[in-house]
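None of these values were measured; they are calculated from a predicted model. Note that the numbering runs from 1 along the sequence shown for the chain.
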Amino acid sequence: MYRSKEQHQFANSVTRGTAPGPALLLAGEPGLGKTRAYLIPLLTSGKRVAIALNTRQQIDQLISSSDLAAAIALAPGATVAVLKPRSEFSTKADYVEHRRQAIAAQVLVITHAAAVIDSLMPAYAELRDRDVVLFDEADQLPDAAALRADTTIPADSVTSRDAKTCAQAVLNDKEAEPELKAAARAIVYAIDHPAWYRVVGFDEAGDLVLRHRLPGRMLGPLLRDAKRTIFVSGTLQVDGRFDHFVRVMGLKSIDPASRPFAPTQHGTLNVMMVDHPMSIEQQAVVIANAKRPTLVVTTRHTLAAEIGALIPGAVIRADSESLNDAVARTADDGILIAAGAWAGLDVPRLRWKSVVLPAVPYGVPIEVEGEMLTHYLDSRVAAVRRTYQAAHRGLRSADAVCDLLLLDHRYRRQDLAAAVPARFQVTGIDEGGRKIVIRNEEVRALLRVQALELHGARCKVCGDDALHRLEVHHLYPVNLGQRRTNVATDLVVLCRNHHADAHETMDRSG
C-alpha cells in the first residue's frame with residue numbers, strides 16, 4: 001500500500017489530522033509520494049473532505065492517477081467529485097445541478113481559487129461544513145489569493161489622481177469592460193473599508209492598484225470555521241521552520257504534530273554552482289552542452305526568448321502557452337526553456353537529465369505610492385522555494401539522475417543555501433556551513449565557460465562562431481593524469497570538426 005517507511009509515517013499523520021484541531025502542516029519533500037499518503041487516509045476515514053490543488057492540470061493528474069485508484073479500492077463506498085467552473089456548462093441550470101452533486105460527494109476536489117472564492121463569499125459556505133480541508137501545494141495559496149483579490153485599473157483608464165473618483169468613473173462608464181468594473185468595485189470597497197493589510201494607490205506605471213500585503217490571510221473565514229485544515233507541500237518550511245508560512249497565512253496556532261518528511265533517498269542530484277557572473281552567451285553554451293532532455297527554468301518570458309535565440313532547436317514556451325503545450329513540442333532529447341516552470345510540471349514522457357536556472361528566481365517586489373509592500377525576506381523565501389521545486393523536476397523517480405545547473409553566482413550567498421535539498425549537500429569545514437559537491441563533469445563545464453570567456457567564442461582554426469558547434473580542446477589530454485588545468489595555456493576553442501582533427505593528429509603522434 002505504501003512504498004516506504006516515510007510515506008507510511010506521513011499517512012499516519014494525515015490519519016491523526018482528520019480529528020478536529022488546529023491547522024496541521026506537513027512538509028512532504030518530492031519523492032515521498034505525498035499524494036497517495038494523504039488520499040488513502042482521507043478516503044478511508046469516511047469523513048466529508050475537501051481537497052484543494054493549485055491548478056486544473058494538477059486536478060486532472062490526481063483524478064487519473066494510480067494513487068486515487070488505490071485509495072478508492074480501499075474505500076469502495078467513497079464518492080469523489082471535481083467542482084468545475086461555470087464556464088464549462090452551457091446553461092446555469094446544468095451548472096447548479098453539477099454543483100449540487102459535487103457538494104454532496106464525500107470528497108470534493110477543487111482549485112485553490114475556488115477555495116478563496118468560497119471563503120470570501122458567505123453564500124458559498126460548502127467548504128466550512130467539511131470535516132477536513134486539505135490544501136496540496138499549499139505554499140502557492142497566497143499567490144492564488146492575490147490573483148483573486150489584487151486588482152488593477154490600467155493607466156490608460158485612469159481619469160483622476162484621486163483613487164475613489166477614478167474608480168467611480170469606471171463604474172459609471174457604460175462602455176467599460178466587466179473585468180474593469182469588477183476591479184473598480186473592489187477598489188471602492190477597499191477605500192470604504194480600510195484595513196492595514198490592503199493598500200490602494202498608484203504604482204510606478206501610473207496604474208491604480210489594490211494590493212494585499214498578506215493575501216493568504218483572506219482565507220481567514222475558512223481557517224476559523226473548518227473543523228480541521230491540513231496544509232501539505234514540499235516547501236512549507238524555510239530554514240527548517242514553518243514561521244514564514246504561518247505569518248503570511250495568519251495562522252493563530254498550529255498542531256504540535258506539524259513536521260517535515262523526506263525520503264531517505266529518491267534519485268541523485270548532481271549540483272553545479274558558478275562562482276562568477278556569466279553572460280547570456282556563456283549560459284547558452286552550458287545549456288546547449290548539458291545532458292538531455294534539458295529543462296531551463298527562467299524568471300521571465302523575455303529571458304527565455306533571449307537564451308533560446310542562441311540555441312538552435314530549443315523549444316521556447318510562449319507567453320500565452322501552457323506548460324503542457326510547450327512540453328508536447330519538446331523532443332525526447334530536446335531542450336525546453338520555460339518561464340515559471342519551477343512547479344506544476346510533472347511529465348511522465350520526459351525525464352529531465354538536466355535542470356538549469358539561469359537566474360535566481362526572486363519574488364517580484366511590489367511598490368504602491370512609493371511604499372514597498374514586500375521585503376527582501378519575502379523575495380528570498382520565494383527564491384528558495386522556487387529553486388527547491390525546480391530541482392525536483394528532474395527527480396520524479398527513485399532511480400532518476402539529474403544535473404542541477406545554477407548559473408547565477410548569487411547562489412553562493414549563504415542565505416540561499418537552503419535552495420538545494422539538504423540530502424544533496426555535504427557538510428564542510430568552512431565555518432560549519434554546507435558545501436556543494438562539484439563533480440568532474442561539472443568542473444569541465446566550468447572550464448569550458450572560462451575558456452570561451454578568455455579565448456573568445458570562435459574556432460581558432462576556421463573562425464566558426466556558432467555556439468552550439470564550439471568545443472574546448474585540452475592541449476594536454478586529461479587521460480595523461482590528474483593536474484590543475486590552466487585555462488590560458490592548456491585549453492583552446494575549436495569547432496567540432498577541427499576538434500576531431502586535433503584528436504586524430506594526437507592519436508597518430510602517440
Looking at side-chain heavy atoms only, is the closest gap between Pro22 and Ile254 below 4.5 Å? no
Please identify each residue that fulfils side-chain hydrogen bond (donor to acceptor under 3.5 Å, both in side chains) with Gln9, with sequence neighbours left out. none
Hey, is NZ on Lys353 packed in by over 12 heavy atoms from elsewhere, all under 6.0 Å? no
For Phe89, the ring pair (Phe, Tyr, Trp, His ring centres under 6.0 Å) test, sequence neighbours excluded, returns Tyr95, His98
Applying salt bridge (Lys or Arg N to Asp or Glu O under 4.0 Å), can you list everything that pairs with Arg410, at least two apart in sequence or on another chain? Asp408
Look only at the side chain of Thr152 and the backbone of Pro154, and say whether a donor-acceptor pair between them is shorter than 3.5 Å. no
Nearest 0.5 Å, please: how far is OG1 in Thr111 from CD in Gln140? 13.0 Å
Donor-acceptor check, side chain of Arg386 to backbone of Pro361, threshold 3.5 angstrom: yes or no? yes
In short, Pro260 meets Phe242 closest at the heavy-atom pair N-CZ, 4.5 Å
Using distance only, find each side-chain donor-acceptor pair of residues 64-78 under 3.5 Å and give its atom names and separation, not counting sequence neighbours.
| residue | atom | partner | partner atom | Å |
| --- | --- | --- | --- | --- |
| Ser64 | OG | Asp60 | O | 3.0 |
| Ser64 | OG | Gln61 | O | 3.4 |
| Ser65 | OG | Leu62 | O | 2.7 |
| Ser65 | OG | Leu68 | N | 3.2 |
| Asp67 | OD1 | Arg36 | NE | 2.8 |
| Asp67 | OD1 | Arg36 | NH2 | 3.4 |

First locate atom NE2 of His409, then atom NE2 of His276, and finally report the distance between them rounded to the nearest 0.5 Å. 10.0 Å
Quick check: do Leu251 and Leu25 have side-chain heavy atoms less than 4.5 Å from each other? yes
Where do Ala400 and Leu395 come nearest, in terms of heavy atoms and distance? CB-CA, 4.1 Å
NE2/His112 to CG/Asp136 distance, rounded to the nearest 0.5 angstrom? 7.0 Å
Answer whether the closest heavy-atom distance between the side chains of Ile307 and Pro358 falls below 4.5 Å. yes
dist Leu26:CG -> Ser13:OG (nearest 0.5 Å) comes out at 5.5 Å
Name all residues meeting the side-chain hydrogen bond (donor to acceptor under 3.5 Å, both in side chains) criterion together with Arg56; count only those two or more places apart in sequence or in a different chain, and write none if there are none. Glu88
Is Gln283 close to Val296 at the side-chain level, that is, under 4.5 Å between some pair of heavy atoms? no
For the backbone of Ser354 and the side chain of Thr294, can you confirm whether one donor and one acceptor N or O come within less than 3.5 Å of each other? no
Under the side-chain hydrogen bond (donor to acceptor under 3.5 Å, both in side chains) definition, can you give me all pairs with a residue in residues 68-81, not counting sequence neighbours? none
Of all heavy-atom pairs between Arg228 and Leu24, which one has the smallest distance, and what is that distance? NH1-CB, 3.9 Å
When the ring planes of Tyr189 and His193 are compared, do they come out parallel, tilted or perpendicular, using 30° and 60° as the limits? parallel
Between Tyr411 and Ala359, which heavy-atom pair has the shortest distance, and what is it? OH-O, 4.3 Å
The ring pair (Phe, Tyr, Trp, His ring centres under 6.0 Å) partners of Phe261 (sequence neighbours excluded) come to Phe10
Would you say the side chain of Thr387 lies within less than 4.5 Å of the side chain of Val297, judging by non-hydrogen atoms? no
Under the ring pair (Phe, Tyr, Trp, His ring centres under 6.0 Å) test, residues paired with His8 that sit two or more places apart: Tyr2
side-chain hydrogen bond (donor to acceptor under 3.5 Å, both in side chains) against Arg3, all qualifying residues, sequence neighbours excluded: none
For side-chain contact (heavy atoms from CB on, under 4.5 Å), just list the numbers for Leu134 and Val49, CA-CA rounded to whole Å, side-chain angles, deciding distance to a tenth of an Å, and then say yes or no. CA-CA 8 Å; Leu134 182 143; Val49 175; 5.6 Å; no
For the residue pair Val188 and Ala167, what are the closest heavy atoms and their distance? CG2-CB, 3.7 Å
Taking only residues two or more places apart in sequence or in another chain, which ones pass salt bridge (Lys or Arg N to Asp or Glu O under 4.0 Å) with Arg241? Asp243
Taken in chain and number order and not counting sequence neighbours, the residues that satisfy salt bridge (Lys or Arg N to Asp or Glu O under 4.0 Å) with Asp192 are Lys164
Considering non-hydrogen atoms only, spot the tightest contact between Asn54 and Glu137 and give its length. CB-CB, 4.4 Å
Here the gap from Arg99 atom CZ to Leu83 atom CG, rounded to the nearest 0.5 Å, amounts to 5.0 Å
Would you find a donor on one side and an acceptor on the other, under 3.5 Å apart, between the side chain of Arg393 and the backbone of Arg351? no
Set of residues satisfying salt bridge (Lys or Arg N to Asp or Glu O under 4.0 Å) with respect to Lys181, sequence neighbours excluded: none
Short question: side chain of Arg211, backbone of Arg198 - any donor-acceptor pair under 3.5 Å? no
Could you please spell out the steps behind the side-chain contact (heavy atoms from CB on, under 4.5 Å) verdict for Met249 and Phe135? CA-CA 13 Å; Met249 294 300 297; Phe135 290 94; over 6 Å; no
Glu177 atom CD: more than 12 heavy-atom contacts under 6.0 Å: no
Determine, step by step, whether Arg185 and Leu171 satisfy the side-chain contact (heavy atoms from CB on, under 4.5 Å) criterion, reporting the C-alpha distance in whole Å, the side-chain angles of both residues, the deciding distance to 0.1 Å, and the verdict. CA-CA 7 Å; Arg185 278 193 294 271; Leu171 292 176; 3.5 Å; yes
To the nearest 0.5 Å, what is the distance between CG (Leu336) and OG1 (Thr330)? 4.0 Å
Derivation and outcome, side-chain contact (heavy atoms from CB on, under 4.5 Å), residues Tyr38 and Ile230: CA-CA 10 Å; Tyr38 70 66; Ile230 303 176; over 6 Å; no
Within the structure provided, determine whether Thr151 and Leu208 are in side-chain contact (heavy-atom separation under 4.5 Å). no
Could you tell me whether the side chain of Cys402 reaches within less than 4.5 Å of the side chain of Val355, counting heavy atoms only? yes
Under a 3.5 Å distance rule, please check whether Gln7 uses its side chain to pair with a backbone N or O of Lys34 as donor and acceptor. no
Taking Asp207 for the side chain and Ala155 for the main chain, is one N or O donor matched with an acceptor at less than 3.5 Å? yes
Indicate yes or no: at least one non-hydrogen side-chain atom of Val80 is less than 4.5 angstrom from one of Leu43. yes
